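These notes are about the structure you will find just below.
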Amino acid sequence: MIRSPRNSSRSAKQAIISMRQRHASVVTMDSFERLLWWLFAGSAGARTRSLVLFDLRDQPKNAQQLSQSLHLDYTTVRHHLRVLEANKVVLAEGDKYGRVYFVSETMESHWPTLEGILKRARGRTKEPRG
């Protein structure tokens, strides 16, 4: 059951109520966290996006460098970079082939949340999806 917040200062958050045998818990999830669930646990390509993001966190790179370091097809890397950039998870600087990608500040501030999502998703599935 989903309940809306009672005060406007929490309007960006949504309370999720889970009832278990004589136990109720409330978990709040902001819109960026929901986005992370979809991008990294709930859709095809989640594993590849994780690889791209973790590689960029180590060092900013362009698509070609990512393709080489991850041993992935260049067009696959470009696709996932477009998805991540459109969702404000990564930022890009430069033009065309020289575009260098960085982890966004918003993503950096939600990094522990992402790690928790990945840990929980790994426990849920037997095979990683790519």
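The chain is numbered in sequence order, starting from 1. Computed from a prediction, not measured in an experiment: that's the story for all the values here.
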inquiry  = Looking at Ser67 and Ala63, would you say the former's side chain and the latter's main chain have a donor-acceptor pair under 3.5 Å?
reply    =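 Between the backbone of Ala63 and the side chain of Ser67 there is no qualifying donor-acceptor contact (under 3.5 Å).
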inquiry  = Does any part of the side chain of Lys88, heavy atoms only, come nearer than 4.5 Å to the side chain of Leu35, both counted from C-beta?
reply    =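 No, too far: nothing below the 4.5 Å cut-off.
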Taking every non-hydrogen atom, the tightest pair across [X] and [Y]:
X: Val90; Y: Leu81; value: CG2-O, 4.1 Å
X: Ala41; Y: Ala121; value: CB-CB, 3.7 Å
X: Trp37; Y: Arg120; value: CZ2-NH1, 3.7 Å
X: Asn87; Y: Val83; value: ND2-O, 2.8 Å

query = At what distance, to the nearest 0.5 angstrom, does CG of Asp30 lie from OG1 of Thr113?
reply =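 Those atoms lie 7.0 Å apart.
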query = Measuring from Leu70:CG to Leu51:CG, what's the distance to the nearest 0.5 Å?
reply =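 Rounded to the nearest 0.5 Å, the CG-CG separation comes to 6.0 Å.
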request  = Step by step, work out the side chain to side chain contact (heavy atoms under 4.5 Å, CB included) result for Thr106 and His110.
outcome  = CA-CA 6 Å; Thr106 304; His110 283 81; 4.0 Å; yes
message = Suppose we screen for side-chain hydrogen bond (donor to acceptor under 3.5 Å, both in side chains). Which residues come up paired with Asp55, at least two apart in sequence or across chains?
response =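 For Asp55, the residues satisfying side-chain hydrogen bond (donor to acceptor under 3.5 Å, both in side chains) (neighbours in sequence not counted) are Lys61, Ser69.
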task = Taking side-chain hydrogen bond (donor to acceptor under 3.5 Å, both in side chains) as the test, write out the residues that go with Asp58, two or more places apart.
result =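 Once residues adjacent in sequence are excluded, Asp58 has no partner under the side-chain hydrogen bond (donor to acceptor under 3.5 Å, both in side chains) criterion.
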Pair up each side-chain donor or acceptor in residues 92-99 with any protein partner under 3.5 Å, not counting sequence neighbours, and list the distances.
residue	atom	partner	partner atom	Å
Arg99	NH2	Glu85	OE1	3.4
Arg99	NH2	Glu85	OE2	2.7

query = Taking only residues two or more places apart in sequence, or in another chain, which ones meet Trp111 in a side-chain contact (heavy atoms from CB on, under 4.5 Å)?
reply =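 Checked Trp111 against side-chain contact (heavy atoms from CB on, under 4.5 Å); matches are Leu53, Phe54, Arg57, Val103, Met107, Leu114, Glu115.
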ask   = Who passes side-chain contact (heavy atoms from CB on, under 4.5 Å) against Asn62, sequence neighbours left out?
value =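 For Asn62, the residues satisfying side-chain contact (heavy atoms from CB on, under 4.5 Å) (neighbours in sequence not counted) are Gln64, Gln65.
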Residues that Phe40 engages under ring-ring contact (aromatic ring centres under 6.0 Å, His included), provided they are two or more places apart =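 Per chain and number, Phe40 pairs via ring-ring contact (aromatic ring centres under 6.0 Å, His included) with no residue.
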ask   = Going hydrophobic residue to hydrophobic residue with side-chain gaps under 4.5 angstrom, can you get from Trp38 over to Leu118?
value =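 They do share one cluster, since a chain of ILVMFWY contacts under 4.5 Å joins Trp38 to Leu118.
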request  = Following the transitive rule for hydrophobic clusters with a side-chain heavy-atom cut-off under 4.5 Å over Ile, Leu, Val, Met, Phe, Trp and Tyr, establish whether Phe102 and Leu84 coincide in one cluster.
outcome  =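 No, it is not one cluster - the side chains of Phe102 and Leu84 are not joined through contacts under 4.5 Å.
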message = Determine whether Arg49 and Ser43 satisfy the following criterion, side-chain hydrogen bond (donor to acceptor under 3.5 Å, both in side chains), listing intermediate values before the conclusion.
response = CA-CA 10 Å; Arg49 280 190 285 278; Ser43 63; 2.6 Å; yes
ask   = Other than Leu91, what residues sit in its cluster of Ile, Leu, Val, Met, Phe, Trp and Tyr side chains whose heavy atoms are under 4.5 Å apart, directly or through others?
value =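 The other cluster members (ILVMFWY side chains, heavy atoms under 4.5 Å, direct or chained): none.
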ask   = Which pairs pass salt bridge (charged side-chain N to carboxylate O under 4.0 Å, His left out) with one or both residues in residues 67-77, sequence neighbours excluded?
value =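 Qualifying pairs, neighbours excluded: none.
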key: Check against side chain to side chain contact (heavy atoms under 4.5 Å, CB included), Ser50 and Arg47   = CA-CA 5 Å; Ser50 297; Arg47 183 179 180 277; 5.6 Å; no
request  = Assess whether side chain to side chain contact (heavy atoms under 4.5 Å, CB included) is satisfied between Leu66 and Leu72, documenting all intermediate values.
outcome  = CA-CA 8 Å; Leu66 279 166; Leu72 293 171; over 6 Å; no
